[in-house]
Protein chains: 2
Amino acid sequence: MTKMNRESRFRDFLSTKGLKYTPERGIILSAILSIKGHFLVEDLYAHIRQSEQGISLATVYRTIPLLLEGGVVREVPSPQGKVAYEQILGNEHHDHLLCTSCGKVIDFKDDLIEKRQDAVCDSHGFEPQGHQMVIKGYCRACASKNK
Amino acid sequence: MTKMNRESRFRDFLSTKGLKYTPERGIILSAILSIKGHFLVEDLYAHIRQSEQGISLATVYRTIPLLLEGGVVREVPSPQGKVAYEQILGNEHHDHLLCTSCGKVIDFKDDLIEKRQDAVCDSHGFEPQGHQMVIKGYCRACASKNK
DNA sequence: ATAGCAATTGAGAATCAATCGCAATTGGAG
DNA sequence: CTCCAATTGCGATTGATTCTCAATTGCTAT
Ligand SMILES: [Mn+2]
Ligand SMILES: [Mn+2]
Ligand SMILES: [Zn+2]
Ligand SMILES: [Zn+2]
C-alpha cells in the first residue's frame, strides 16, 4: 500500500462524511505514516513540528477521532495514563503483557483467544469493532529479581 | 468476610508498609464497602460527603493507590476516559464488552480465555498479577438500530 | 503514660492534557 | 467562479489529578 494510496483512502473516508481533505490533515497523515510503532499525541506533534510544517496542536487533537474512525490508527495501551496510537497498516493486531515493575511491554497474539472473543460476542449479539487486552504482572527479569 | 475483617486487613497492609491507619482512610474504606458495582472517584467522593463525614478530595486521590496495592479495589474499564474502580471482594473477576454507541457495559467471563492467558504468560516467563480485556463494538440494540 | 517523629491531612495553587469559542479562511460541490 | 459549510489557529478554558506546605496525629520506643 503506497502513501498516495493511503491518502486517497483517507480522502474518500472524509468525502463520504461530507468532510474536507485539508493540507493540515495531509500533514498529519504523512507524519503518522513516518512513525513506526506506538506514539503519543505529543510524539506525533513533535514529528510534525520538526518537519518544518507548523500546524496547531488543536488541529491534531481534532483530527485524531477522524483517523480512528477512518481506520488509519488504533489505540494501544500505554504504560502511563496517556493514550497511545499506532497506524493500523503494517502493524498486525496483538495484545500486551505489561511489567508493572520495569514498564516493559511484551507483544503477543493468541489465535485461540481471538476465536473465543468472537464466540463471546456472538453469544451476546455483540458486534465487535476491536479489543484491547493487557495482562499486568512481572516480566521474567523482574520476577526473578524479586525472588 | 465482615467489614471489621476487611478493615483489619487493610490496617495490616498499611502497617507492613510503615503507613498509618487514619480515620480518613477508615471513612474511605467504609464508603467503598457501601458501594456495589463500578464507581468513579467522583462517585466515591459523593458517597463520603453525603455520609456527613467530610474529608478532602485530595485525600481520596492519595488513598486510591493504597487501596489498589492493598487489594481492596481494582480498576475496571469505563465508557468515558475516566478510570473506574470496584471493590474486589464480592466481585468476581470478569471482562467487558463496551458499546461505543450507547456506552452500555456487558460483563462476561470465559474460562478458556483465562486459561490461555495463563499459558501465554507461562511461555514468556511472565508472572501475571491481573488483566483487563475490553471488547469495543455495538451492543445488540445499537447494532440493529444502525442497520 | 509520654515523647518524638515520620506520616498524614486540608485547602488551595499548580499541572497538564484535552476541549472550546470565535473570527478569518478555504475546500470542493454545483 | 460562487458560495457556504467545514476548518483552522490561537488563546482561553475546562476538568481531573497532583502538588505544596504548615498544622496535625498515629505509632513505636522508651
Ligand atoms: Mn487480541
Ligand atoms: Mn478475564
Ligand atoms: Zn519487568
Ligand atoms: Zn449500545
Side-chain angles (χ1 to χ4, degrees), chain A residues 7-31 38-49 51-70 72-73 75-85, chain B residues 7-31 38-49 51-70 72-73 75-85:
Chain A
E7 277 180 8
S8 63
R9 273 209 202 178
F10 190 45
R11 191 187 289 270
D12 288 347
F13 164 76
L14 291 173
S15 175
T16 309
K17 308 209 51 160
L19 304 179
K20 303 172 181 176
Y21 184 83
T22 63
E24 289 80 6
R25 289 175 182 167
I27 291 170
I28 294 170
L29 183 57
S30 295
H38 303 178
F39 62 87
L40 305 173
V41 172
E42 60 196 79
D43 300 323
L44 175 55
Y45 193 55
H47 265 254
I48 291 168
R49 306 199 79 170
S51 76
E52 105 275 328
Q53 334 226 34
I55 70 180
S56 167
L57 179 57
T59 298
V60 175
Y61 274 109
R62 285 190 282 236
T63 303
I64 287 180
L66 302 176
L67 296 166
L68 283 170
E69 201 183 343
V72 177
V73 301
E75 282 186 16
V76 294
S78 82
Q80 315 110 322
K82 301 182 183 177
V83 188
Y85 304 89
Chain B
E7 276 180 9
S8 63
R9 274 208 200 180
F10 189 46
R11 190 188 290 269
D12 288 346
F13 164 77
L14 292 173
S15 175
T16 309
K17 308 209 50 160
L19 304 178
K20 304 173 180 174
Y21 184 83
T22 64
E24 289 79 6
R25 289 176 180 166
I27 291 171
I28 293 170
L29 183 57
S30 295
H38 302 178
F39 62 87
L40 305 173
V41 172
E42 59 195 80
D43 300 322
L44 175 56
Y45 193 54
H47 266 255
I48 291 169
R49 306 199 79 167
S51 77
E52 105 275 328
Q53 332 224 38
I55 69 180
S56 166
L57 179 56
T59 299
V60 175
Y61 274 108
R62 286 190 281 236
T63 303
I64 287 180
L66 301 176
L67 297 165
L68 284 170
E69 201 182 343
V72 176
V73 301
E75 283 186 15
V76 294
S78 84
Q80 314 108 322
K82 302 181 183 177
V83 188
Y85 304 89

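Computed from heavy atoms alone, side chains included, the values below leave out hydrogens, waters and symmetry copies. We name chains A, B, ... by the order of the sequence lines, and we start the count at 1 in each one.
Computed from coordinates, the A:I28 CD1 to D:dT7 C1' distance equals 11 Å when rounded to whole Å. Across the protein-nucleic acid pair, B:L19 atom CG and C:dT8 atom C1' stand 10 Å apart, rounded to whole Å. B:Y45 has its OH atom 15 Å from the C1' atom of D:dT18, to the nearest Å. Here D:dG26 presents its C1' atom at 12 Å from CG of B:L14, a figure rounded to the nearest Å. In this entry the distance linking CD of A:E24 with P of D:dT8 reads 5 Å, nearest Å. Between the CD1 atom of A:I55 and the P atom of C:dT25 there is a distance of 19 Å, given to the nearest Å. Rounded to whole Å, the distance from CZ on B:F13 to C1' on C:dA7 is 15 Å. One interatomic measurement links the two molecules: CD of B:Q53 to P of C:dG10, which rounds to 12 Å at whole-angstrom precision.
Contact annotation: the side chain of A:V73 approaches that of A:F39 to within less than 4.5 Å [non-hydrogen atoms, C-beta and beyond]. Taking 4.5 Å as the limit, every side-chain heavy atom of B:Y85 sits out of range of all side-chain heavy atoms of B:L40. A 4.5 Å side-chain heavy-atom check between A:I28 and A:T59 finds at least one atom pair inside the cut-off.
Ring-plane geometry between A:F10 and A:Y21 is classed as perpendicular, the angle between the planes exceeding 60 degrees on a 0 to 90 degree scale with a lower cut at 30.
Both B:S56 and B:G18 lie close to DNA chain C; mapped to their nearest nucleotides by heavy-atom distance, the more 5′-ward contact belongs to B:G18. With the nearest nucleotide of DNA chain D identified for both A:P23 and B:P23, A:P23 has the one nearer the 5' end. Comparing B:S15 and A:L66 by the nucleotide of DNA chain D that holds the closest heavy atom to each, the one mapping nearer the 5' end is A:L66.
The salt bridge (Lys or Arg N to Asp or Glu O under 4.0 Å) test applied to A:K17 returns A:E69, not counting sequence neighbours.
The side chain of B:Y21 lies closest to D:dC27 when the candidates are D:dG9, D:dC27, C:dG28. Side-chain atoms of A:K20 lie closest to C:dG28 of the nucleotides C:dG28, D:dT25, C:dT9.
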Between N or O atoms, less than 3.5 Å apart, protein on one side and nucleotides 16-19 of chain C on the other: list the pairs.
from   : atom 1 : to    : atom 2 : distance (Å)
C:dA18 : OP2    : A:Y61 : OH     : 2.2

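The side chain of A:T22 places no N or O atom within less than 4.0 Å of a non-bridging phosphate oxygen (OP1 or OP2) of D:dA6. OP1 or OP2 of C:dT9 sits under 4.0 Å from a side-chain N or O of B:R25.
Under the 3.5 Å distance criterion, the side-chain polar atoms of B:Y61 are left unmatched by any main-chain donor or acceptor of B:V41. In this structure a side-chain-to-backbone donor-acceptor pair under 3.5 Å is present from A:R25 to A:K20.
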